Amino acid sequence: MRIEQNYSLEKHNTFHLPVKTRWFMEYETEEELQRILHDEYFQECLSLHIGGGSNLLFINDYNGIIIHSRIKGISISAETDEYVSLRVGAAEIWDDVVAYAVSKGWGGIENLSLIPGEAGAAAIQNIGAYGMEIKDVIESVEAYNQLTFEKRTFTNSDCEYGYRNSYFKNEHHDPHIITYITLRLSKNPGFSVNYGNLKEELTKYPEVTLETIREAVITIRRQKLPDPEVLGNAGSFFMNPIITAEHFEKLKKQFPEIPSYPASEGKIKVPAGWLIEQCGFKGKNHGSVGVYEKQALVLVNLGDARGDEIALVAESIRTAVKDRFGIELCLRLNMSDNENRFFRNRNVYGQS
């Protein structure tokens with residue numbers, strides 16, 4: 001177990017903000033995690049469990065305990081002629097898991113290539129891209145209750161998955177720390193390739209395979225999104241809003257070119273990037289904070305931005321979209337602010 005005081009979190013958040021935490025604890029086994037959870041000092045302190053920091057914005061220094069998992073490993077827990085179940089440690093880099101599955105010829109997560117973060121966070125966020133979501137392959141999730149210290153294995157239905165949402169993000173539930181996830185992957189996969197630019201990109205390849213789908217997704221993501229190692233960012237800052245069909249029809253009359261995708265019955269999904277671009281933010285800089293020129297969903301650290309500056313730009317975007325379209329943009333990432341000054345409706349707890 002690793003325990004450090006006044007620890008820099010600059011390498012633990014992809015915005016590369018130079019914030020610190022009073023205490024940093026890192027565990028490598030479930031037994032070490034239990035020791036942390038049972039510690040009386042830990043129980044009295046403000047705490048936050050993080051992953052790779054690709055879905056997290058620190059507004060300021062963290063006056064508490066940051067916990068990070070080092071539980072890794074990929075193993076087969078069950079196998080048939082048609083499927084394989086992979087038990088994956090929560091600290092495994094998500095894209096490494098995708099690469100491993102594709103190399104074995106197991107399908108179900110290839111469209112989720114190059115999404116940053118760790119496997120445990122992927123299950124919490126219900127990551128998705130190009131017509132796939134991780135909920136479609138999650139078989140079970142192993143997690144520890146931070147209040148009762150009990151371990152529970154969640155089934156897929158227990159996880160209450162929704163669009164970029166899950167049981168683990170619901171503030172009305174006890175906070176949990178994920179240690180392992182199990183994925184059910186297909187040995188004879190069907191491909192999901194009809195999603196817009198993915199379908200177009202695949203025409204450049206001689207055939208559609210797991211490998212070419214992964215290559216195409218990686219190519220598209222690299223064209224659209226900045227490398228966080230070069231330009232600090234947390235990927236898409238906002239979720240695509242889902243509105244009523246009635247609301248959409250009213251907008252359609254005023255903005256005939258507004259794009260849309262079907263959601264649940266009576267609901268329509270509208271691209272948040274388009275809404276933000278229509279409000280004039282795309283490619284614009286606000287001090288040390290920029291709205292990425294190739295994708296308006298992405299806020300970037302141009303060098304020395306502070307967390308509160310990024311939060312204020314995000315709030316300006318939300319206000320502008322609300323005023324023009326009557327749509328509330330929701331955050332995709334978790335925000336940590338000891339003083340609770342920004343985005344009072346956010347979920348502070350979570351891995352990322």
Side-chain angles (χ1 to χ4, degrees), residues 10 13-18 53-59 113-117 127-130 164 195-198 200-201 216-243 248 251-252 254-261 269-335 342-343 346 352:
E10 188 165 354
N13 75 96
T14 56
F15 271 116
H16 304 303
L17 301 173
S54 60
N55 189 39
L56 183 64
L57 174 64
F58 285 100
I59 302 299
S113 293
L114 210 63
I115 294 179
I127 59 171
Y130 307 107
R164 305 297 175 269
Y195 195 99
N197 48 0
L198 176 58
E200 180 181 350
E201 182 67 26
V217 169
I218 289 174
T219 297
I220 295 169
R221 290 187 67 87
R222 284 179 172 164
Q223 289 172 346
K224 290 173 53 178
L225 303 173
D227 182 348
E229 294 302 318
V230 177
L231 194 60
N233 73 93
S236 298
F237 203 95
F238 305 98
M239 295 190 291
N240 292 322
I242 296 176
I243 62 177
F248 177 75
L251 289 175
K252 186 76 172 176
Q254 188 176 0
F255 307 97
E257 72 285 4
I258 185 172
S260 65
Y261 304 95
K269 183 186 295 185
V270 180
W274 185 87
L275 299 173
I276 296 167
E277 186 173 352
Q278 299 310 302
C279 293
F281 285 94
K282 186 177 182 180
K284 299 293 180 61
N285 297 340
H286 306 265
S288 296
V289 182
V291 180
Y292 193 51
E293 59 185 8
K294 296 181 180 180
Q295 174 53 267
L297 279 176
V298 180
L299 303 186
V300 296
N301 180 358
L302 298 174
D304 57 355
R306 301 191 312 271
D308 58 350
E309 293 174 326
I310 296 172
L312 286 171
V313 172
E315 184 66 4
S316 296
I317 291 172
R318 295 177 76 216
T319 299
V321 170
K322 173 67 174 178
D323 290 345
R324 186 168 187 184
F325 299 101
I327 294 176
E328 291 272 7
L329 289 183
C330 295
L331 305 183
R332 187 192 63 83
L333 75 170
N334 298 312
M335 303 183 68
F342 299 96
F343 302 103
R346 70 185 181 277
S352 56

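Being a predicted model, the structure only gives us computed values, none of them experimental.
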Q: Main chain of Ala272, side chain of Asn240: is a donor-acceptor contact present, judged purely on distance under 3.5 Å?
A: yes
Q: Within the distance-only criterion (no hydrogens, no angle test), does the side chain of Arg306 pair as donor or acceptor with the backbone N or O of Ser288 below 3.5 angstrom?
A: no
Q: Does Asn13 use its side chain to pair, donor to acceptor, with the backbone of Phe58 at less than 3.5 Å?
A: no
Q: Distance-only, no hydrogens or angles: does the Arg318 side chain make a donor-acceptor pair with backbone N or O of Phe238 under 3.5 Å?
A: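 No, Arg318 side chain to Phe238 backbone: no donor-acceptor pair under 3.5 Å.
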Q: What's the shortest heavy-atom distance between Ala305 and Val289, and which atoms?
A: CB-CG2, 3.9 Å
Q: Does any N or O in the side chain of Asn285 come within less than 3.5 Å of the main-chain N or O of Gly287, such that one atom is a donor and the other an acceptor?
A: no
Q: Sorted by first residue and then second, give each ring-ring contact (aromatic ring centres under 6.0 Å, His included) pair with at least one member in residues 288-310; sequence neighbours left out.
A: none
Q: Please report the shortest heavy-atom distance between Leu297 and Ile276, naming the atom on each side.
A: CD2-CD1, 4.1 Å
Q: Would a 4.5 Å heavy-atom cut-off, applied to side chains only, mark Ile243 and Leu251 as touching?
A: yes
Q: Atom CD of residue position Glu200 - does it have more than 12 heavy atoms of other residues, nucleotides or ligands inside 6.0 Å?
A: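 No, because the 6.0 Å sphere around CD of Glu200 holds 12 heavy atoms or fewer from other groups.
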Q: Check whether any side-chain heavy atom of Ile115 sits under 4.5 Å from a side-chain heavy atom of Arg221, and report yes or no.
A: yes
Q: Have a look at Leu17 and tell me which of Ile59, Leu56, Asn301 forms a side-chain contact (heavy atoms from CB on, under 4.5 Å) with it.
A: Asn301
Q: Is there a side-chain contact between Phe237 and Val298 (heavy atoms, below 4.5 Å)?
A: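 They are not in contact (no side-chain heavy atoms under 4.5 Å apart), so the answer is no.
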Q: For the NZ atom of Lys322 and the CD atom of Glu328, what is their distance to the nearest 0.5 Å?
A: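 Answer for the NZ-CD pair, Lys322 versus Glu328, is 4.5 Å.
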Q: Would you say the side-chain atoms of His286 pair up with the backbone N or O of Glu309, donor to acceptor, closer than 3.5 Å?
A: no
Q: Report the residues that fulfil salt bridge (Lys or Arg N to Asp or Glu O under 4.0 Å) with Glu10, sequence neighbours left out, ordered by chain and then residue number.
A: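 Glu10: no salt bridge (Lys or Arg N to Asp or Glu O under 4.0 Å) contacts found.
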Q: I want to check something: taking the side chain as every heavy atom from C-beta on, are Leu114 and Leu225 in contact at a cut-off of under 4.5 Å?
A: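 They are not in side-chain contact.
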Q: Name the orientation class of the two ring planes belonging to Tyr261 and Tyr195 (parallel below 30°, tilted from 30 to 60°, perpendicular beyond 60°).
A: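 Parallel: the ring planes of Tyr261 and Tyr195 meet at under 30°.
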